[in-house]
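All remarks here apply to the structure that follows.
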Amino acid sequence: MQKKLVIVESPAKAKTIERFLGEGYTVLSSKGHIRDLKEKDFSIDLDNNYKPLYEVPAEKKELVANLKKASNKADVVWLATDEDREGEAIAWHLYEVLGLNEAKTRRIVFHEITKTAIQKAIENPRTINLNLVNAQQARRVLDRIVGFELSPILWKKIKPALSAGRVQSVTVRLVVEREREINNFKTEASYRVTALFNVTDTTGKNVELKSELNKRFATKEEARAFLEKCNGTDFVVEQIETKPTKQKPAPPFTTSTLQQEAARKFSFPVGLTMRIAQKLYEAGKITYMRTDSVNLSDLALSTAKQEIITIAGEKYHTFRQYHTKSKGAQEAHEAIRPTDINQHTIEGSQQEKKLYELIWKRTIASQMSDAELEKTVISIKISDCTEKFISTGETIKFDGFLKVYLESTDDEQEQKSKEMLPKLSVGQPLELLIAEAQERFTQHPPRYTEASLVRKLEELGIGRPSTYAPTISTILNREYVDKKEIENPPTAYDLLTLKNGKIKEVRKEDKATVDKGKLSPTSIGFVVNDFLIEHFPDIMDYNFTAKVETDFDEIAEGKIEWTKSIDQFYKKFHPNVTEALENTGKKTGERQLGIDPKSGKPVFVKIGRFGAIAQIGEKSSEEKPRFASLRSNQTLETITLEEALDLFKLPMDLGEFENEIMTVAVGRFGPYVRHGKVFVSLPKDEDPLEMTLEKAIQLIKDKRTADANRQIKSFPAEDIFILNGQFGAYIAHNGKNYKIPKGKTPADLSVEECLQIIGDCEKIKTQKTSGKRSPRKATTKK
DNA sequence: CAGTGAGCGAGCTTCCGCTTGACTT
């Protein structure tokens with residue numbers, strides 16, 4: 001019997017497919033790319049027409065060896081990698097590295113994992129599309145050129161270990177430009193007028209009606225004048241308009257919409273959403289989670305239909321086929337959906353359950369009928385006024401998909417109440433109970449969240465489903481952007497109230513709010529961004545990716561050679577690199593804030609070796625300048641002279657406690673109090689400049705009790721301590737930490753048992769390290 | 001882990017897209 005080998009990208013997919021194919025077939029996976037440009041080397045031969053120098057990375061050697069063994073034994077090898085640029089390239093690398101030949105190799109693709117789809121694919125093989133492979137090589141080489149030529153410029157001109165790239169740098173740009181919009185935003189005040197009426201409805205009952213004026217007033221005087229006009233005048237129902245509207249369900253999830261909705265509904269960071277989705281995928285609960293497609297398989301469409309009819313009835317079902325709108329989508333997979341649509345819930349962690357149910361609801365809702373609504377607008381005429389009061393209401397005539405699921409919105413404005421309005425008739429009078437004119441302020445555009453930034457990237461066609469979450473991690477790890485709580489101070493506003501014929505004015509205050517999980521640029525982020533925009537405007541253009549994608553498409557269609565396309569790019573790009581290296585000095589983002597009133601010396605802020613610093617005095621002067629690091633919530637761009645001068649008040653002596661001096665200062669890990677050799681971090685909301693001796697003593701005392709509780713048991717003679725740590729109890733000995741095996745009660749351990757555990761751990765460690773090293777050495781020898 | 005920013009130089013850092021583990025005391 002013939003031996004048949006199928007290679008796919010994902011192990012989970014391999015398992016499923018093996019089940020469908022049955023006897024005679026072995027299905028293995030490549031786990032993504034098996035070969036790439038060398039990790040730490042430019043690896044593009046510029047003297048040899050951009051020839052890429054590929055290597056199998058160390059961690060893939062074993063896997064490749066196993067694939068080679070299997071393919072040598074096989075009579076036929078099907079390369080079933082994804083149907084997109086990257087998938088085609090993986091197939092080609094497999095072909096090359098495994099030493100396959102045309103006679104025994106078949107290239108197949110499928111977009112859904114069903115028995116019929118797979119069998120059909122097996123029956124319709126093709127050969128590897130080298131044009132598509134070359135489009136991928138162009139993509140890969142371009143990204144390497146951009147990343148590995150730009151990053152070193154930043155190391156020289158700004159700070160070591162920074163990075164730049166086609167995707168990450170424009171991502172940072174989005175955050176930087178939004179922050180500047182916010183900084184330049186001028187809030188404007190206006191007066192919003194609302195009214196509460198008493199009215200008799202068509203059944204003769206007395207009811208209340210809320211209404212809002214169709215105009216806002218720019219000044220308090222105008223608002224007051226209007227309320228005076230309202231006082232004692234007549235109000236009449238002028239018009240009642242009802243119109244039916246429809247609401248459509250949202251399409252099934254793609255990676256980016258899943259990330260957005262999990263963020264809105266559960267506040268999940270995008271990385272968490274992906275980790276949970278990966279678990280669900282590996283357990284066979286959902287289809288592939290890195291996709292840009294909204295397409296559902298025929299099987300999914302028909303089971304969804306049955307399910308909807310069972311749970312809600314025939315009229316709730318509407319057959320819908322969705323089409324991807326996002327730029328550069330490659331649609332190698334289905335939308336994200338439950339593999340088994342009959343299953344409404346699953347077993348698993350709370351987070352897994354939540355995410356699964358969200359996916360289930362979204363999938364089901366996407367095949368349900370439109371919701372039918374009726375919108376009612378009542379306009380109220382005010383005697384002798386051109387302005388009108390307007391009441392709007394909405395009622396659901398048929399819930400349709402709303403029975404299951406409603407997509408959330410990012411809109412932070414208060415949701416307008418969608419209540420039912422009373423039945424009234426045109427011409428009837430209303431009695432005004434209260435009218436209020438409230439001062440409102442325009443809001444600056446919102447900072448991006450992880451998820452809203454991903455949405456923007458997708459909109460611009462920048463990045464891919466597999467890179468959205470990692471890109472966010474990169475710009476956070478490089479400290480170009482910060483995810484932190486941003487406090488909005490309380491805002492005071494004026495409120496005019498007309499009641500019982502009198503107008504009263506009060507000053508009120510909205511509570512302070514805290515923005516959580518919002519992204520804002522750091523000082524480094526600002527400086528790197530400005531440098532790149534100045535010298536590499538083409539790369540930093542939001543349309544750069546879209547432009548190169550059209551080149552890649554032409555390569556894929558065989559219209560142009562990939563090396564020619566890269567050459568055109570490089571000939572323009574590289575001179576910019578040389579120019580930036582040769583003709584620019586250090587870029588520090590230096591800014592003079594003013595003069596220090598004490599010394600009369602100038603005060604600067606700039607990027608130093610370890611980040612943003614403030615500086616008093618100049619280097620050239622006789623006296624050395626003084627330096628102080630900026631706090632994590634300050635940036636070069638926004639810090640004021642006063643705030644900068646405050647930084648120099650630290651470290652500050654607080655006084656003595658137990659014959660030791662106490663100081664307060666700000667270190668690498670934030671503000672702290674020091675007492676001799678003991679350090680204690682300040683609580684989050686505590687301002688170091690407000691620190692007193694009393695508060696500092698309390699902090700030290702608190703730390704002492706915490707330390708005492710930390711210790712479960714100790715054998716000082718043997719230098720063994722059983723301590724409570726972040727991840728539970730552990731043993732500390734000779735400067736090292738050891739895990740306590742499961743099933744042991746930490747408090748009951750004896751010295752002997754502890755020594756036993758320490759001995760065992762040491763043994764395992766040496767085994768692990770030697771075991772890992774030997775095969776690697778063996779492979780490198782070959 | 002709780003500074004640092006004199007200057008020099010060696011040696012290091014870096015991209016995007018595919019994929020899944022190993023692993024926290």
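First the proteins, then the strands, lettered A, B, ... as listed; each starts at 1.
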How would you label the contact of A:Ser29 with the nucleic acid (heavy atoms, under 4.0 Å): base, sugar-phosphate, or nothing? nothing

Can you identify which nucleotide, out of B:dG5, B:dG17, B:dT19, has its nearest atom closest to the A:Asp82 side chain? B:dT19

Which one, B:dT14, B:dG5, B:dT19, comes nearest to the side chain of A:Pro152? B:dT14

N or O in side chain of A:Ser163 less than 4.0 angstrom from B:dC15 OP1/OP2: yes

Interatomic distance where OH belongs to A:Tyr468 and C1' belongs to B:dG17 [whole Å]: 12 Å

Candidate nucleotides B:dC16, B:dC18, B:dA2, ranked by approach to the side chain of A:Arg139 - the nearest: B:dC16

Examine the base of B:dC18 for any acceptor or donor lying under 3.5 Å from a partner atom in the side chain of A:Arg290, and report the outcome as yes or no. no

Can a side chain N or O of A:Gln278 be found less than 4.0 Å away from OP1 or OP2 on B:dT20? yes

Aromatic plane relationship, A:Phe657 with A:His675 - under 30° parallel, 30 to 60° tilted, over 60° perpendicular: tilted

If you compare every side-chain N and O of A:Ser151 against the phosphate oxygens of B:dC15 (OP1, OP2), does one of them come in below 4.0 Å? no

Find the distance A:Lys31:NZ to B:dT20:P and express it as a whole number of Å. 8 Å

Could you label the plane-to-plane angle of the A:Tyr570 and A:Tyr50 rings as parallel, tilted or perpendicular, counting under 30° as parallel and over 60° as perpendicular? perpendicular

What's A:Arg166 touching, base or sugar-phosphate or nothing? Going by heavy atoms closer than 4.0 Å. sugar-phosphate

Mind checking what makes side chain to side chain contact (heavy atoms under 4.5 Å, CB included) contact with A:Leu654, not counting sequence neighbours? A:Met652, A:Met662, A:Val664, A:Met691, A:Leu693, A:Ala696

So what's the dot-bracket for DNA chain B: Watson-Crick or G-U pairs under 3.5 Å, [ ] if a pair crosses, | if it pairs off-strand? .........................

Give a yes/no answer on whether the side chain of A:Tyr288 brings an N or O atom under 4.0 Å of OP1 or OP2 in B:dC18. no

Sugar-phosphate, base or nothing in reach of A:Val167, heavy atoms under 4.0 Å: sugar-phosphate

Give one of base, sugar-phosphate or nothing for A:Tyr281, where a contact means two heavy atoms less than 4.0 Å apart. sugar-phosphate

Taking the nucleotide of DNA chain B with the nearest heavy atom to each, does A:Thr474 or A:Ile90 sit closer to the 5' end? A:Thr474

With heavy atoms under 4.0 Å as the rule, sort A:Ala164 into base, sugar-phosphate or nothing. sugar-phosphate

Quick test of your reading of the model: are A:Glu86 and A:Arg464 salt-bridged, counting only N-O distances below 4.0 Å? no

Backbone N or O of A:Ser30 within a donor-acceptor pair of the A:Lys60 side chain at under 3.5 Å? yes

Determine the contact category for A:Gly608: base if any of its heavy atoms lies under 4.0 Å from a base atom, sugar-phosphate if only primed atoms, P, OP1 or OP2 are that close, otherwise nothing. base

Taking atom C1' of B:dG3 as reference, at what distance in whole Å does atom CZ of A:Phe610 sit? 9 Å

Specify the separation, in whole Å, of atom CG of A:Leu37 and atom C1' of B:dG17. 12 Å

Have a look at A:Ser681 and say if it touches a base, only the backbone sugar-phosphate, or nothing, with a 4.0 Å heavy-atom cut-off. base

Determine the interplanar angle of the A:His93 and A:His33 rings, folded into 0 to 90°, and report it as parallel if under 30°, tilted if 30 to 60°, perpendicular if over 60°. perpendicular

Nearest whole Å is fine: how far is B:dG3 P from A:Leu650 CG? 12 Å

Provide, to the nearest angstrom, the distance between the CZ atom belonging to A:Phe42 and the P atom belonging to B:dT14. 17 Å

Within the structure, does a side-chain N or O atom of A:Gln168 lie under 4.0 Å from either OP1 or OP2 of B:dC15? yes

Closer than 4.0 angstrom, basic N to acidic O: yes or no for A:Lys601 and A:Asp596? no

Please report, rounded to the nearest Å, how far the C1' atom of B:dC15 is from the CD1 atom of A:Ile44. 10 Å

Please check: side-chain N/O of A:Ser349 versus main-chain N/O of A:Glu352, any donor-acceptor pairing under 3.5 Å? yes

Checking A:Gln137 against A:Trp92 for the side chain to side chain contact (heavy atoms under 4.5 Å, CB included) test, could you report, in this order, the C-alpha distance in whole Å, the side-chain angles of both residues, the deciding distance, and whether it holds? CA-CA 11 Å; A:Gln137 298 203 87; A:Trp92 177 72; 3.9 Å; yes

Heavy atoms under 4.0 Å is the rule here; annotate nucleotides 6-13 of chain B 5' to 3' with B where the base is hit, S where only the sugar-phosphate is, and - elsewhere. -------B

Check whether the side chain of A:Arg464 and the base of B:dC18 form a donor-acceptor pair under 3.5 Å. no

What's A:Pro625 touching, base or sugar-phosphate or nothing? Going by heavy atoms closer than 4.0 Å. nothing

Residue pair A:Thr291, A:Ile336: steps toward the side chain to side chain contact (heavy atoms under 4.5 Å, CB included) verdict: CA-CA 7 Å; A:Thr291 177; A:Ile336 304 170; 3.6 Å; yes

Rounded distance in Å - CE (A:Met652) to P (B:dA2): 21 Å

Quick one: does A:Glu450's side chain have a donor or acceptor within less than 3.5 Å of a partner on A:Val270's backbone? yes

Could you check whether the rings of A:Phe573 and A:Phe536 sit parallel, tilted or perpendicular, using 30° and 60° as the cut-offs? tilted

Heavy atoms under 4.0 Å, any strand shown: does A:Gly463 hit a base, just sugar-phosphate, or nothing? sugar-phosphate

